[in-house]
Amino acid sequence: MKLTSRSVSLAAMVSTVLASALGATLIVTGTASAATTLGAAAAQTGRYFGAAIAAGKLGDSTYTGIVNREFNMITAENEMKWDATERGRNQFDYTGGDRILNQALNNGKRVRGHALLWHQQQPGWAQGLSGSDLRSAAINHVTQVATHYKGKIYAWDVVNEAFADGNGGGRRDSNLQRTGNDWIEAAFRAARAADPNAKLCYNDYNTDGVNAKSTGIYNMVRDFKSRGVPIDCVGFQSHLTNGPPGDYQTNLQRFAALGVDVQITELDIAGSSQANGYATVTKACLAVSRCTGITVWGVRDSDSWRTGENPLLFDSNGNKKAAYTSVLNALNAGGTTVPGGDPGTTTTTTTTTTTTTTPPDPGSGDCTASVSLNAWNGGFVATVKVTAGSSGLNGWKVTTSLPSGTTVTGSWSTSGSGTTGTVVWSNVDYNRAVGAGQSTEFGFQGTGGSDGLSPTCAAA
Ligand code: G3I
């Protein structure tokens, strides 16, 4: 059936509404007339595609032409950072940040704010502070900047790069960290109070797979969610060479399962497999319904902070590279839609899903398991909730029965015994302990049917 752009838009909207009503994941596949820009292609699934830009380059017409044409989310590469916005204590200057903001808003684009607190790019006066004086200066900075931009920012990187590399998932030492471990939550609370409508993100690098650093952040986010500390999203910078690790999507999905959005915030990829790497990252985001968008860290290779590595989508003359085409094709191939996202108008075929929830099994008394399914013709995503009995758990196993012809293609927050038939799902380190009456979630996705998974839980 040939659909006009108007009827396509309507079909997409109706499907989205239906999917929202069912709490289901909507899979968008294929397009009648593929979108021709990154932003429009991403919008088909309710996502954005953005770039970090520099105020000093806005006079370059090649640069600004690409920015205006291709991207629908903008990040200031440096202009909203502490050293740029508060050069003297309580002396705020939003000249550069406002130029970026206005460039974006005047051209119908949204803005990611970057970054309220970071151990780098602090003004000299702040670097010389410590203790309660630094804490109050930092919180004042968050409050003032978030208030200035109130109502105009889609998401703020409230705290950037606070976890250490090679420290078993612990925090990075910094003047901010030395004000007390609660500095991150204090910053998030201040940002929420100043701009209640901005999504509040934690942003970091070297978090692209399941590793000690990403797990440290995962545990912080889980703790924040359990205590009501306002956090809405986690940014994965994704400064990569050749491509992401094999468990990139799994890692995104385990964060999403905590109830936060995930965003690729500073993507650039060096190396000979660049085009494939970009496609892999794009597909991973598209497969995770709470991955709301991708931002590349610069426009042309000559704009990149990674001098000489040519890690971006446009060459130094502003020409589209193979990496650009691989991203555009991946976006046009479709994926899950973002719940409450902003679908574009050129989507064609949609497959709505049904969501079913299996009640908890009676279990052995140690724990129970229930499964929530987002299933469509030919595939599914299963989210399994493990709830501890009155004794709590220090290790658990959930057994599922996959129908014949079904194959598991990925999983998160668990380790599976196989991919077909009867599969035993075991805890991983970070979700081994579950307190009495408390729950944890893991998930898997697969091709084929998902009837009768019948999860049963036992302590291990
Ligand atoms: O604007 C001044 C210029 O006036 C001066 O002549 C020149 C001399 O050094 O410096 C210029 O400022 C530089 C600025 O970029 C703008 O080009 C700074 O020295 C330089 O330190 C700064 O680098 C930025 C870097 O963050 C700072 O750590 C990069 O542009 C920016 O891409 C990079 O972005 C970070 C993210 O914020 C966080 N994640 C990692 C990412 C890459 O490092």
Side-chain angles (χ1 to χ4, degrees), residues 50-60 63 66-67 71 73-87 93-101 103-104 111-124 126-127 138 141-142 145 149 153-165 171-172 174-177 184 187 191 200-208 213-214 217 233-241 244 262-271 281 293-314 316:
I53 66 170
K57 294 180 179 165
L58 291 175
D60 175 338
Y63 181 82
I66 297 170
V67 169
F71 303 105
M73 185 70 74
I74 295 296
T75 304
E77 187 175 0
N78 288 297
E79 292 81 350
M80 293 188 188
K81 292 172 179 174
W82 198 349
D83 63 347
T85 51
E86 194 181 0
R87 287 182 212 284
D93 177 357
Y94 299 109
T95 312
D98 285 357
R99 282 190 69 194
I100 303 266
L101 184 91
Q103 173 70 26
V111 177
R112 287 194 88 262
H114 175 82
L116 292 171
L117 292 180
W118 186 23
H119 65 281
Q120 285 188 30
Q121 284 182 282
Q122 295 181 2
Q127 291 174 33
H141 179 76
V142 170
V145 177
Y149 288 111
I153 299 289
Y154 162 73
W156 266 112
D157 291 331
V158 178
V159 169
N160 193 41
E161 302 176 7
F163 278 72
D165 296 297
R171 297 277 182 89
R172 172 193 300 281
S174 72
N175 59 347
L176 290 164
Q177 182 61 30
I184 298 181
L200 305 182
C201 302
Y202 175 80
N203 191 49
D204 216 325
Y205 67 93
N206 279 353
T207 53
D208 308 302
K213 185 174 179 181
S214 65
I217 296 164
C233 37
V234 175
F236 298 81
Q237 294 186 9
S238 305
H239 297 295
L240 301 170
T241 298
V262 295
Q263 299 165 0
I264 314 305
T265 51
E266 303 185 15
L267 181 61
D268 49 22
I269 308 181
V281 168
I294 299 174
T295 293
V296 286
W297 204 245
V299 179
R300 302 162 300 195
D301 284 334
S302 49
D303 304 314
S304 173
W305 69 292
R306 297 171 72 175
T307 309
E309 293 192 86
N310 299 327
L312 292 172
L313 301 178
F314 295 86
S316 298

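Ligands are counted one by one from 1 in listed order, and the atoms in each one are counted from 1 as well.
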Of all the non-hydrogen atoms in the protein, which one sits nearest to [atom], and at what distance?
atom	answer
atom 33 (C) of ligand 1	Lys81 NZ, 3.8 Å
atom 41 (C) of ligand 1	Glu266 OE1, 3.3 Å
atom 34 (O) of ligand 1	Trp297 NE1, 3.2 Å
atom 31 (C) of ligand 1	Glu77 OE2, 3.4 Å
atom 21 (O) of ligand 1	Gln121 NE2, 5.0 Å
atom 36 (C) of ligand 1	His114 NE2, 3.4 Å
atom 17 (O) of ligand 1	Asn78 ND2, 4.4 Å

**Report entry** Ion pair Asp303/Arg300, N-O distance below 4.0 Å
**Finding:**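 Between Arg300 and Asp303 there is a salt bridge, with a charged N closer than 4.0 Å to a carboxylate O.
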Query raised in the report: Taking 4.0 angstrom as the limit, do Lys213 and Asp208 come out as a salt bridge?
Result: no
Do [X] and [Y] touch side chain to side chain, with heavy atoms closer than 4.5 Å?
X	Y	result
Ile264	Val281	yes
Leu101	Ile153	yes
Phe71	Val296	yes

Requested in this report: Please say whether Gln120 places an N or O atom under 3.5 Å from an N or O atom belonging to ligand 1.
Outcome: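 Yes: some nitrogen or oxygen of Gln120 is under 3.5 Å from one in ligand 1.
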Requested in this report: Using distance alone, decide if ligand 1 has a nitrogen or oxygen within less than 3.5 Å of any nitrogen or oxygen in Trp305.
Outcome: no
Find all atoms of ligand 1 within a distance of less than 4.0 Å from any non-hydrogen atom belonging to [X], and give their numbers and elements.
X	result
Gln237	39 (N), 40 (C)
Glu161	38 (C), 39 (N), 40 (C)
Asn160	38 (C)

Query raised in the report: Looking only at heavy atoms, what is the nearest atom pair of Leu176 and Leu117, with distance?
Result: CD1-CB, 4.3 Å
Report task. Please report the shortest heavy-atom distance between Ala270 and Arg306, naming the atom on each side. Result ->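 Smallest heavy-atom distance, with atoms named: CB-NH2, 3.5 Å.
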Query raised in the report: Are any of the heavy atoms in Arg306 under 4.0 Å away from ligand 1?
Result: no
Requested in this report: Of the side chain and backbone of Trp118, name the one, both, or neither that has a heavy atom under 4.0 Å from an atom of ligand 1.
Outcome: side chain
Report summary line: Any heavy atom of Asn203 under 4.0 Å from ligand 1? The part involved is neither
Query raised in the report: Within the side chain of Asp157, is there an N or O that forms a donor-acceptor pair under 3.5 Å with the backbone of Val159?
Result: no
Among all the protein's heavy atoms, is there at least one whose distance to [atom] comes out below 4.0 Å?
atom	value
atom 12 (O) of ligand 1	no
atom 1 (O) of ligand 1	no
atom 6 (O) of ligand 1	no
atom 9 (O) of ligand 1	no
atom 24 (C) of ligand 1	yes

Query raised in the report: Looking just at side-chain N and O atoms, do Trp82 and Gln121 make a donor-acceptor pair shorter than 3.5 Å?
Result: no
Query raised in the report: Would Glu266 and Asn203 count as having a side-chain donor-acceptor pair, cut-off 3.5 Å?
Result: yes
Query raised in the report: For the residue pair His114 and Trp156, is the inter-centroid distance of their aromatic rings smaller than 6.0 Å?
Result: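 No, the ring of His114 stays outside the 6.0 Å limit from the ring of Trp156, centre to centre.
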Query raised in the report: Do Phe236 and Tyr205 have their ring centres less than 6.0 Å from each other?
Result: no
